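Indexing begins at 1, ligand by ligand and atom by atom, following the structure's order. This structure is a prediction, so every number in the text was calculated from the model and none was measured.
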Amino acid sequence: MKATYVLLCVGLVVLPATICQSPAERDSYTECTDGYEWDVQTQLCRDINECETIQQACQGEMKCFNHYGGYLCLPRSASVITAPEPSSQSEPSVPVESNEAFNPCPVGYRAQGESCVDIDECELDLHDCQPSQECINTVGTYTCQCPDGYSKIGIECVDIDECRYRYCQHRCVNVPGSFSCECEPGFQLAGNNRSCVDVNECEMGAPCQQRCYNSYGTFLCRCDQGYDLGPDGFSCNDIDECSYSSFLCQFQCVNEPGRFSCVCPEGYELVGTRLCQDVNECETGTHQCGEGQVCVNIHGGHQCVNSNRCQDPYVQVSENRCICPVVKSECRDLPFSIVHRYMSITSERSVPSDIFQIQATSVYPGAYNSFRIRSGDDNDDFYIRQINNISAMLVLAKAVTGPKEYVIDLEMVSVSPLVNYQTSSVLRLSVYVGPHAF
Ligand SMILES: *[C@@H]1O[C@H](CO)[C@@H](O)[C@H](O)[C@H]1NC(C)=O
Ligand SMILES: *[C@@H]1O[C@H](CO)[C@@H](O)[C@H](O)[C@H]1NC(C)=O
């Protein structure tokens, strides 16, 4: 907006009335009022052009306009229509009422009635503030104020680098007119927008698969027992405990998520966590033996043997004893009695291994008993070690792996020198070798 000031001052001397002396009184002292000077030639008081005589009559952006008896400072943008100069001041100076358009007030003021009031340069757009600056009217003048975050250098507004003042705990980011604080990863801005506080990532959905532990600025993932932390630091991978050691289980290790367990082969049950123990099917009643059969528990299973095991010419005299009656002629060259015994051993025993001791109960004092293996499927696998006159040990000579069954006739020959009597009896031993070493 352009303000137009129209100065209608035609032939009017507004303020100082010019007092001029008559030219006749030459030697008299002549003085003009302020703003005028005595022109000797014309013998008149003449207006002083202050715009030319006063250096920097107007400050800043203001332009000087000479005026009768004084001058005006107006914004450059103001257009001024000047009236013609009065031809002479010698004309009778008739006091005339002041014209409103003429401003007799100091710069920054305007006349209102008889007094001067402040001009609101901001309101009237008579300022030269930059668009970014705020015009603030003051008494007699105005100032241009920079927005927050800017400081005024000359007439320019320059951004203040707040980051130089260490406002932020971690990182400061200066932006035009302001600044913001940022925090390192793992922290977040506190309520004061300057400090950084630890983020509890565990409560913010940290990607730990199992356990999460918050720590200052970060977090840690941990795994439950039986799991290993993956290379990514988040995932938990099951540990295959079975692959670490073959001694974890007596028979077989089964890996499970986070743990392992031991299993036992059929016919065995787990005792504790790793050991297998044979199930005695004959006692638990799970055997399949029928009428007329005897259940014999062996490693990993059971056997059903006929209770009537005596073969002609032997006759049964008790559950496991057969005798050959002397009245039968065939019995003369046969052992008098056959006693059935059953035993079970595990596979892969260290050898030689004592497995069965046989003991004679001789009715004749001083009798001498000799022992031998009378028959057997694999005679090489066993031998007899005589202990004394009445007992001997059956020794396993070779490592055997089951399942396997031996039937060994251990013959005991008793000789009584006193009565010149010799008798022979057989212990028919069934040796079952289980399928496992336990
Ligand atoms: C922090 O910044 C937010 C968003 O900019 C604002 O709403 C809040 O008032 C600020 N708090 C303080 C204390 O400055
Ligand atoms: C064993 O037999 C021998 C000879 O037959 C005899 O001399 C010895 O006394 C017997 N020993 C025992 C402990 O019976």
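The aromatic rings of Phe234 and Phe219 sit parallel, their planes meeting at an angle under 30°, below the 60° perpendicular limit. Between Tyr342 and Tyr432, the two ring planes are parallel [angle under 30°; tilted spans 30° to 60°].
Within the 4.0 angstrom cut-off, atom 7 (O) of ligand 1 has no protein heavy-atom neighbours. Within a 4.0 Å radius of atom 3 (C) of ligand 1, the protein contributes at least one heavy atom.
For atom 12 (C) of ligand 1, the nearest protein heavy atom (residue, atom name, distance) is Asn193 ND2, 3.3 Å. The single protein non-hydrogen atom nearest to atom 13 (C) of ligand 1 is Gly191 O, 3.2 Å, given as residue, atom name and distance.
A distance below 6.0 Å separates the ring centres of Tyr167 and Phe179.
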Worksheet item: Going through the checks in order, is the disulfide bond (SG atoms under 2.5 Å apart) test met by Cys157 and Cys146?
Response: CA-CA 6 Å; Cys157 292; Cys146 289; 2.0 Å; yes
